[in-house]
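See below for the structure under consideration.
If you read the sequence from its start, that first residue is 1, and numbering goes on from there.
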Amino acid sequence: MTLEEIHGQQPMPAGNDWMQGAGTALHELLVSAQRRGCLTAGVYESAKLMNVDPDNVAFCVLAADQEDEGDIALQIHFTLIQAFCCENDIDIVRVNDVAKLAAIVGPSEDSGEPRDLHCILITNPNEEGWKDPALEKLSLFCEESRNVNDWVPTITLPE
């Protein structure tokens, strides 16, 4: 008898299909959230929102390219955001390609300028009963990742 059988859980699917499914779900969620006005981009903007209304945050994406790994200030921000998300039961993932994220999210609607995409929050919309299937898939993915002690899984976005 395995641990999953004892707790009534399914083992995490093996292989790349599960990761690709999570990447596709994240892409769908970002597009849907932006369309509904439920996307907050930027480390400082996200921190402000989490401070004011943490119960409204449904999902968090942290993004960093290879060159960002040496940015100590950014890594400290990531550590604090991760701790806050864990404390408030907010699912969180990492993405290692800010350029792909920028292609999905695009520039700021207000100014047309590129925006800080190192942290993106998905908030609950004002619409009652909004259930995004992509958000549900990602929540399941995060739960399964936590079951194998991967607390902040890394997702690869589709091409």
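For the pair Glu28/Val31, no side-chain contact is recorded, criterion being any heavy-atom separation below 4.5 Å from C-beta on. Counting heavy atoms from C-beta on, the side chains of Asp91 and Leu138 never come closer than 4.5 Å. Looking at heavy atoms from C-beta onward, Phe59 lies in side-chain contact with Cys142 at the 4.5 angstrom threshold. The shortest distance between side-chain heavy atoms of Leu30 and Leu101 falls below 4.5 Å. Between Val43 and Ile81, the closest side-chain pair of non-hydrogen atoms falls below 4.5 Å. By the 4.5 Å heavy-atom criterion applied to side chains, Val148 and Glu144 are not counted as neighbours.
Without hydrogens or angle criteria, Lys137 side chain to Ala25 main chain gives no donor-acceptor distance under 3.5 Å. Under a 3.5 Å cut-off, the side chain of Gln34 and the backbone N or O of Val105 do form a donor-acceptor pair. Panel note: side chain Asp65, backbone Glu67; no donor-acceptor pair is recorded below 3.5 Å. Between the Asn88 side chain and the Ile90 main chain, no donor and acceptor come within less than 3.5 Å of each other.
Paired with Val61 under the rule side-chain contact (heavy atoms from CB on, under 4.5 Å), one option of Leu39, Ile120, Leu121 passes, and it is Ile120.
Interatomic distance, Asn56 CG to Cys38 SG, rounded to the nearest 0.5 Å: 8.0 Å. Here CG of Leu135 is found 10.5 Å from CG of Leu26. Values are rounded to the nearest 0.5 Å. One distance of note links OG1 of Thr123 with CZ of Arg36; it measures 11.5 Å at 0.5 Å rounding. For the atom pair OG of Ser46 and NE2 of His77, the computed distance is 10.5 Å after rounding to the nearest 0.5 Å. In this structure, CG on Asn147 lies 6.0 Å from CD on Glu143, to the nearest 0.5 angstrom. Within the model, atoms CD1 of Ile104 and CG of Asp97 stand 9.0 Å from one another, a figure rounded to the nearest 0.5 Å.
Within 6.0 Å of CD in Gln66 there are 12 or fewer heavy atoms belonging to other residues, nucleotides or ligands.
Put simply, Leu80 and Ile72 are part of the same group of oily side chains (I, L, V, M, F, W, Y) that touch within less than 4.5 Å, one to the next.
When all heavy atoms of Asp132 and Ala134 are compared, the pair lying nearest together is OD1-N, 2.8 Å. Closest approach of Cys85 and Met50 over heavy atoms only: SG-SD, 4.3 Å.
Scanning for side chain to side chain contact (heavy atoms under 4.5 Å, CB included) contacts around Asp71 gives Ala73, Leu74, with sequence neighbours left out. Residues meeting the side chain to side chain contact (heavy atoms under 4.5 Å, CB included) test with Gln82, sequence neighbours left out: Leu62, Phe78, Ile92, Arg94, Val152.
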